[in-house]
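These notes concern the structure reproduced below.
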Amino acid sequence: MANRFNALKADAHWQGVWDERRTFAADDHSAKPKSYVLEMFPYPSGKIHMGHVRNYTMGDVLARYRRMTGHEVLHPMGWDAFGMPAENAAMEKGVHPGNWTRANIATMKAQLKRLGFALDWSRELATCEPDYYGHEQALFLEFYKAGLVYRKESAVNWDPVDMTVLANEQVIDGRGWRSGALVEKRKLSQWFLKITQFADELLDGLGSLEHWPAKVRLMQENWIGRSRGLQFRFALSNDGSVEVFTTRPDTIYGASFVAVAADHPIAQALAAENPDAAAFVERCKQGGTTAAELETQEKLGFDTGLTAAHPLGAVDLPVYIANFVLMEYGTGAVFGVPAHDQRDFEFATKYRLPIRRVVADGDRTDPTFDDDAAYIGAGVLVNSRELDGMSVEDAKRAVIARAEEAGWGEGTTVYRLRDWGVSRQRYWGTPIPIIHCAACGEVPVPREQLPVVLPEDVSFDVPGNPLDRHPTWKHVACPSCGADALRDTDTLDTFADSSWYFIRFASAPEDKPFDKAVAASWLPVGQYIGGVEHAILHLLYARFWTRALRHVGMLDVAEPFTGLFTQGMVTHETYRLDIPDHDGPPAALWVSPSDLTVGEGGVLSFETPEGASIPIIRGRVEKMSKSKKNTVDPEPIVDQYGADAVRWFMLSDSPPERDLEWSENGIEGSWRFVQRMWRLVDAEAQPGDGADVALDRKLHQAIAGIAADIEALSFNKAVAKLYELTSAIEKAAPSTSRAQAVDTLLRLVAPMVPHLAEEAWAARGKAGLISDAAWPDVDPALLVDDEVTIAVQVNGKLRDTLVMVKGATKDMIEAAALASEKVVRALEGKTPRKVIVVPDRLVNIVA
RNA sequence: GCGGACGUGGCGGAAUCGGUAGACGCUGGAGACUUAAAAUCUUCUGCCCUUGGCGUGCGGGUUCGAGUCCCGCCGUCCGCACCA
């Protein structure tokens with residue numbers, strides 16, 4: 001046994017052994033309890049980054065621990081391989097998106113393998129391959145058949161230079177992020193998935209997800225945004241009518257106007273014949289949508305000249321077009337109650353509309369309202385005829401009941417959630433398996449013609465969608481009538497790909513998306529780990545997709561992920577060149593940590609190739625990003641320190657849900673600990689004999705504590721306990737206990753530093769792999785100490801501590817405490833009035 | 001604006017039920033080994049006026065006892081954003 005751990009050699013050796021023996025392949029037919037551990041699969045952007053390393057290390061510790069505790073573990077890995085960066089690379093470098101993506105996958109797979117993750121690579125998948133997306137097309141058509149897919153005109157962000165649709169995130173200050181062109185709103189026919197049909201289920205289902213962070217559940221709840229209220233129709237003075245929705249039907253007698261959105265049909269109709277109205281509508285559209293703009297934007301209206309008849313016979317209300325009413329929410333029209341809604345209050349103030357109090361604010365019941373803000377609190381109804389004296393809640397119910405009885409309105413539920421638009425005018429995605437026929441309309445691609453495969457011969461030298469311009473691809477015969485027809489040339493949003501990959505991991509037959517029974521034997525995912533940036537979209541879409549599959553009878557699973565953990569980011573200090581009068585782009589000033597020179601006293605500088613030295617300003621600690629140039633590439637770090645030191649660092653110090661700051665000192669410390677454990681094992685070559693009960697106790701307390709910490713994903717606490725245990729073993733004299741403790745320590749650290757553990761396990765002549773070893777058993781008798789330290793307080797202040805046998809009686813403890821010299825001194829001759837004794841913990845003497 | 005989380009040494013953090021605040025790691029100091037350095041080992045490291053006093057953002061409260069519970073502030077971060 002060498003006295004130094006050669007990580008590079010050990011890493012390669014044991015990774016080879018695991019591969020060869022298929023150690024981490026999951027057996028569908030195992031009799032053991034099944035455990036599905038999953039980390040969010042990566043986008044193959046080129047190289048792995050520290051965020052991946054942290055994410056996958058956490059999942060790996062849990063997966064390895066679960067194996068050791070007797071579970072059949074499914075821990076797979078794959079690639080979220082469709083998406084825009086591949087097309088951007090194609091435009092910039094002239095490479096085919098497929099070649100670029102597959103090369104990246106090869107690189108990143110090799111990098112992940114070097115970290116020794118316990119992954120079942122036999123289940124690897126890439127969403128960009130027809131054997132994945134073909135099945136996705138089949139699922140899309142199942143949803144289509146079940147009426148969960150429909151097509152509708154919808155406004156999109158259109159980049160006129162790149163001739164493509166942009167996601168909202170890609171529009172920066174109204175311009176396309178690549179082209180810089182002013183983005184237009186354009187109406188396009190788009191496919192939608194009916195996620196709103198599941199709004200209630202998705203909202204109510206959150207209640208069952210007790211192992212999800214409360215924050216994520218709340219974010220989804222707000223995103224779905226369920227509101228109950230009254231929807232009803234106002235008769236208009238032009239014999240038309242307008243439908244409005246309100247969550248405050250109780251305030252109906254306080255209404256003083258009706259407002260419709262600028263793109264509401266009533267506004268559109270008026271704009272068509274009245275140039276002033278048209279100008280106002282146009283002005284509304286130009287309004288900014290950023291936070292700051294909305295905050296300061298004035299409430300503006302245009303009087304249509306129409307009036308609306310109050311359904312309960314109060315005065316007629318003027319109808320306005322208003323810039324603050326959204327067409328997308330509710331009915332696109334509201335009634336305004338200025339006294340009890342802040343926006344209505346501002347609007348009414350500007351246009352001198354009546355402001356009438358209908359909810360008492362404490363003892364203020366006067367109909368005249370002269371506060372400078374709306375009153376939105378609870379109270380008793382006033383100035384509201386038959387509603388007077390009711391609470392807000394009672395009045396809401398009363399008005400809804402009355403509306404339903406009289407037939408002019410009904411209680412309804414409205415959601416903030418909209419249906420999921422999935423059409424993308426892009427090449428590198430799953431082709432939408434629909435054919436458009438002049439005679440037959442939309443025709444699904446017949447099952448036997450799936451997959452609809454992307455054409456390889458595409459070019460990106462001109463803007464626009466290569467699928468649409470391809471000379472032959474879109475021309476097909478209509479499956480229904482045989483006439484010339486056209487394929488849909490849009491592809492699916494890549495969030496569709498990630499909405500079911502965890503099911504395909506569990507079961508991947510060739511002839512169908514998955515086998516219902518096999519998939520259900522693994523699902524739901526017991527522990528899902530990923531970044532909080534997916535708290536809403538990905539996690540909501542995957543929940544929807546799973547429920548939609550249940551709806552069509554393909555899978556009996558309600559929730560895909562019963563446990564969710566959102567890990568923190570990996571951060572690093574930032575560095576900037578100290579050039580006072582720099583007039584170039586500020587981004588040019590950032591300097592990568594690897595380009596710094598450390599001078600005397602830790603002073604940082606940047607040496608130019610010409611030999612000049614520029615001082616450096618240390619910036620904030622921020623998420624590693626290319627733009628701030630504060631990334632640290634994992635690969636050379638693994639080369640230098642080995643996989644185990646990197647893994648150990650990822651688990652140390654910071655709680656997993658918080659940010660972890662990368663530091664040179666930190667990785668050095670981890671490397672030292674790996675070597676220290678190795679020396680400990682090495683020195684144990686000649687074991688002593690005899691028992692060491694104190695060490696046995698520490699060991700068993702560590703086994704129980706570390707198990708609890710890993711199960712709670714509190715890796716930083718488990719790491720601290722392992723440091724303590726290692727120190728305790730180092731300090732212990734040779735004994736059989738000590739020799740056993742070393743063997744046990746190896747099993748306890750095996751999930752975290754598996755290469756070291758295997759190497760040491762083999763060196764100590766143990767049979768088999770430590771990866772297949774069982775987690776050590778705990779002897780409950782050794783968990784309790786026979787001696788305890790008892791704190792002695794006088795008036796709540798610590799004065800002494802006593803070491804006593806565990807289980808000493810209150811009288812014994814009290815007597816011992818009162819006998820303490822330090823206590824006598826602290827009492828200063830006073831007589832104790834009261835003595836509180838908490839057995840085995842503390843005594844508090846009150847004087 | 002609405003919703004939520006958090007605030008503990010020089011730093012990351014621990015304290016699971018209201019019971020010895022600061023485990024463990026990093027940084028730093030001192031020493032041992034060494035011709036020397038690295039590595040390693042030992043030891044100290046919250047603050048101060050050190051038989052003691054003060055300390056968990058600030059101010060109150062409950063309690064024998066509060067980092068932990070309650071009330072009111074201040075600060076930081078995150079999400080949503082004219083959602084009727």
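A note on names: the letters A, B, ... follow the listed sequences, proteins ahead of strands, and every chain is numbered from 1.
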Whole-Å gap separating [atom2] ([N]) and [atom1] ([X]):
X: A:Glu657; N: B:rG12; atom1: CD; atom2: C1'; value: 13 Å
X: A:Ile667; N: B:rG25; atom1: CD1; atom2: P; value: 17 Å
X: A:Met804; N: B:rU20; atom1: CE; atom2: C1'; value: 16 Å
X: A:Leu317; N: B:rA84; atom1: CG; atom2: P; value: 20 Å
X: A:Ile400; N: B:rA84; atom1: CD1; atom2: C1'; value: 14 Å
X: A:Met219; N: B:rG3; atom1: CE; atom2: P; value: 16 Å
X: A:Ile536; N: B:rG3; atom1: CD1; atom2: P; value: 17 Å
X: A:Trp648; N: B:rC24; atom1: CH2; atom2: P; value: 14 Å

* For nucleotides 36-54 of chain B, just jot down a letter per nucleotide in 5' to 3' order: B, S or -, based on protein non-hydrogen atoms under 4.0 Å. => ----SS----------SSS
Within the structure shown, what part of the strands sits under 4.0 Å from [X] by heavy-atom distance: base, sugar-phosphate, or nothing?
X: A:Val325; answer: base
X: A:Asp344; answer: nothing
X: A:Glu661; answer: nothing
X: A:Leu842; answer: base
X: A:Arg343; answer: base
X: A:Val838; answer: base
X: A:Ser652; answer: nothing

Would one find a side-chain N or O of [X] under 4.0 angstrom from OP1 or OP2 of [N]?
X: A:Ser227; N: B:rA84; result: yes
X: A:Asn716; N: B:rG12; result: no
X: A:Tyr723; N: B:rG25; result: no
X: A:Asn665; N: B:rU27; result: yes
X: A:Arg416; N: B:rA81; result: yes
X: A:Lys717; N: B:rA15; result: yes

* Specify the residue among A:Lys721 and A:Ser670 whose closest nucleotide of RNA chain B lies further upstream toward the 5′ end. =>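 Result: A:Lys721.
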* Between A:Arg248 and A:Gly666, which has a closest nucleotide on RNA chain B that is more 5'? -> A:Gly666
* Where the chi angle of B:rG9 falls, syn if within 90° of 0 and anti if not -> syn
* In B:rC44, glycosidic geometry as syn within 90° of 0 or anti otherwise ->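 B:rC44: anti glycosidic orientation.
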Side-chain heavy atoms of [X] within contact of [Y], under 4.5 Å:
X: A:Arg233; Y: A:Trp408; result: no
X: A:Val392; Y: A:Leu381; result: yes
X: A:Gln220; Y: A:Leu209; result: no

In terms of side-chain heavy atoms of [X], which of [options] is nearest?
X: A:Thr247; options: B:rU16, B:rA84, B:rC24; result: B:rA84
X: A:Trp223; options: B:rA84, B:rA21, B:rA81; result: B:rA81
X: A:Arg841; options: B:rC64, B:rC82, B:rG19; result: B:rG19
X: A:Tyr329; options: B:rG25, B:rC82, B:rC83; result: B:rC83
X: A:Asn844; options: B:rG4, B:rG19, B:rA84; result: B:rG19

I'd like the [atom1] distance from [M] over to [N], given in whole Å.
N: B:rA37; M: B:rU50; atom1: P; result: 37 Å
N: B:rA38; M: B:rC74; atom1: C1'; result: 50 Å
N: B:rG7; M: B:rG12; atom1: P; result: 12 Å
N: B:rG10; M: B:rC49; atom1: P; result: 15 Å
N: B:rG25; M: B:rC64; atom1: P; result: 39 Å
N: B:rC26; M: B:rU35; atom1: P; result: 28 Å

So, do [X] and [Y] have ring centers that fall under 6.0 Å from each other?
X: A:Phe649; Y: A:Trp671; result: no
X: A:Tyr320; Y: A:Phe347; result: yes
X: A:Tyr723; Y: A:Trp648; result: yes

Considering Watson-Crick and G-U wobble pairs with both distances under 3.5 Å, what does [N] pair with?
N: B:rG1; value: B:rC80
N: B:rA66; value: none
N: B:rC6; value: B:rG75

* Asked: Considering only heavy atoms and no angle criterion, is a donor-acceptor pair shorter than 3.5 Å present between the side chain of A:Lys299 and the base of B:rC82?
  -> yes
* Asked: Is the Lys NZ or Arg CZ of A:Arg4 less than 6.0 Å from the centre of A:Trp678's six-membered ring, within 45° of the axis?
  -> no
* Do A:Glu393 and A:Lys396 meet the salt-bridge criterion of a basic N to acidic O distance under 4.0 Å? -> yes
* Asked: Do A:Thr571 and A:Asp659 have side-chain atoms, one donor and one acceptor, less than 3.5 Å apart?
  -> no
* Is a side-chain donor-acceptor pair under 3.5 Å present for A:Thr251 with A:Arg356? ->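 No, no side-chain donor-acceptor pair sits under 3.5 Å.
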* Aromatic plane relationship, A:Trp420 with A:Tyr541 - under 30° parallel, 30 to 60° tilted, over 60° perpendicular -> parallel
